[in-house]
Amino acid sequence: MDIIGTILWPIKWVIELILIAFHWLFTQTGLDPAAGITWVLAIVGLVVVVRAALIPVFVRQIRSQRKMLEVAPELKKIQDKYKGKRDQFSREAMSRETMALYKKAGTNPMSSCLPLLLQMPIFFGLFVVLNDAQSSGKAGVGLMTKALAEQFSNASLFGIAPLHSSFQAAMEAQPQEVAVMVIAAVMVVIMTGSQFITQLQIVSKNMSEETKASPTFRQQRILLYVLPLVFAFSGFTFPIGVMFYWLASNFWTMGQQFLVIRNMPSPGSQAAKALEERLARRGKLTRPDVEIIEVEEKRPQRQQPMGKNRSKKKGR
């Protein structure tokens, strides 16, 4: 077993455990164990378990994003300080000051990618599980027996699109499997669109004007267009079962982001202003309207000290 296989072994074992557990659960409700919809629902159940386990990581991501908003003005000052300076000394000094600022704030610009990075091993683990099931019904490393693997491999969506098949495999087949190509293409479009909308609602609604003038905004703008393109091109090689996992995960992320942006928006963002307007209409927006009156304190006049001769004259 190679290094990657060794790393993925426990992940594949857990994936098979959750997948088979949900497959058994839906089978108990009366669904056909060999039907594609039963396995699709099992994959959706896997998404729910994985994303629910990642909620603490998502909360940490939100806190890190808040801290990034706080340091955005200071980060802009550092950039303006070294603006136009291309020498190595200035670049190193700018990098040191930027990292010191991040360290002081307790944040990292890469923290926004942490949930995605944590999902990648699961994604590849599911990819390997499906591929192993496809190749002659090969048994998995855990509860995926040879019989279940063959059942998984032969399961198809709507009776025409095998879950192990992909757009590329359907196009290279003789004759070409047009129905599989259409279903896979539609799923790629939906998967790419959901990824784009998820990034768009962050960039357009949950960033203040100070953040939009910082490098964080430029990074988010790059992710806005790069990530959907990556999934658009790579999605044509994904098995339909894997695309169901990623599509369900995208919908989870979209709903999660919507709730966070609506109820806990970033200060100064468009979503924060919309939240204030909603609270104002409901009469729940509390603002301190206390008039502060400054009272000038009268200080006692200082008496000048008198000498002995002056004191005697005053006494007379």
Backbone N/O of S156 and side chain of W39: donor-acceptor pair under 3.5 Å: no

Between CD on residue Q151 and NE2 on residue H23, distance to nearest 0.5 Å: 4.5 Å

Check against side chain to side chain contact (heavy atoms under 4.5 Å, CB included), F238 and V188: CA-CA 9 Å; F238 292 163; V188 168; over 6 Å; no

Student check: side-chain heavy atoms of F244 and L157 closer than 4.5 Å: yes

R51 side chain to W252 backbone, donor-acceptor under 3.5 Å: no

Heavy-atom closest contact (A169 atom, S165 atom, distance): CB-OG, 4.2 Å

Working for side chain to side chain contact (heavy atoms under 4.5 Å, CB included), residues I240 and H164: CA-CA 6 Å; I240 292 178; H164 68 261; over 6 Å; no

Counterpart residues, salt bridge (charged side-chain N to carboxylate O under 4.0 Å, His left out), relative to E177 (two or more places apart): none

N250 side-chain N/O to M191 backbone N/O, donor-acceptor pair under 3.5 Å: yes

Inter-residue atom distance L275.CG - K273.NZ, 0.5 Å rounding: 13.0 Å

Side chain to side chain contact (heavy atoms under 4.5 Å, CB included) between F251 and I190, worked out: CA-CA 10 Å; F251 280 119; I190 298 175; 4.0 Å; yes

Linked hydrophobic residues, L259 as query - side chain contacts closer than 4.5 Å: F258

Side-chain (S249) to main-chain (Y245) donor-acceptor, under 3.5 angstrom: no

I15 CD1 to L8 CG distance, which is reported to the nearest 0.5 Å: 8.0 Å

Connected via hydrophobic side-chain network under 4.5 Å: L247 and V189: no

Nearest-0.5 Å distance that lies between atom CH2 in W246 and atom CD1 in I43: 14.0 Å

Reported CE-to-OG distance for the pair M243 and S166, which is rounded to 0.5 angstrom: 7.5 Å

Within-4.5 Å side-chain heavy-atom neighbours: F196 and T192: no

ring-ring contact (aromatic ring centres under 6.0 Å, His included) partners of F167, counting only residues at least two apart: F236

Atom pair CG/OG1 of L41 and T29 - distance to nearest 0.5 Å: 8.0 Å

T38 side-chain N/O to D32 backbone N/O, donor-acceptor pair under 3.5 Å: yes

V186 side chain near I183 side chain, heavy-atom distance below 4.5 Å: no

Sub-4.5 Å side-chain heavy-atom contact between Q256 and I55: yes

Nearest non-hydrogen partners of G36 and A155, listed with the distance: CA-CB, 4.0 Å

Side-chain heavy atoms of L163 within contact of V242, under 4.5 Å: no

Backbone N/O of Q257 and side chain of R262: donor-acceptor pair under 3.5 Å: no

Hydrophobic cluster membership, M99 vs F89, 4.5 Å side-chain cutoff: no

Shortest non-hydrogen separation from A161 to V180 and the atoms involved: CA-CG2, 3.8 Å

K81 vs M94, side chain to side chain contact (heavy atoms under 4.5 Å, CB included): CA-CA, chis, key distance, verdict: CA-CA 9 Å; K81 178 181 177 181; M94 179 179 175; over 6 Å; no

Taking every non-hydrogen atom, the tightest pair across L19 and F152: CD2-CE2, 3.7 Å

K12 vs E16, salt bridge (charged side-chain N to carboxylate O under 4.0 Å, His left out): CA-CA, chis, key distance, verdict: CA-CA 6 Å; K12 289 166 58 180; E16 292 179 10; 5.8 Å; no

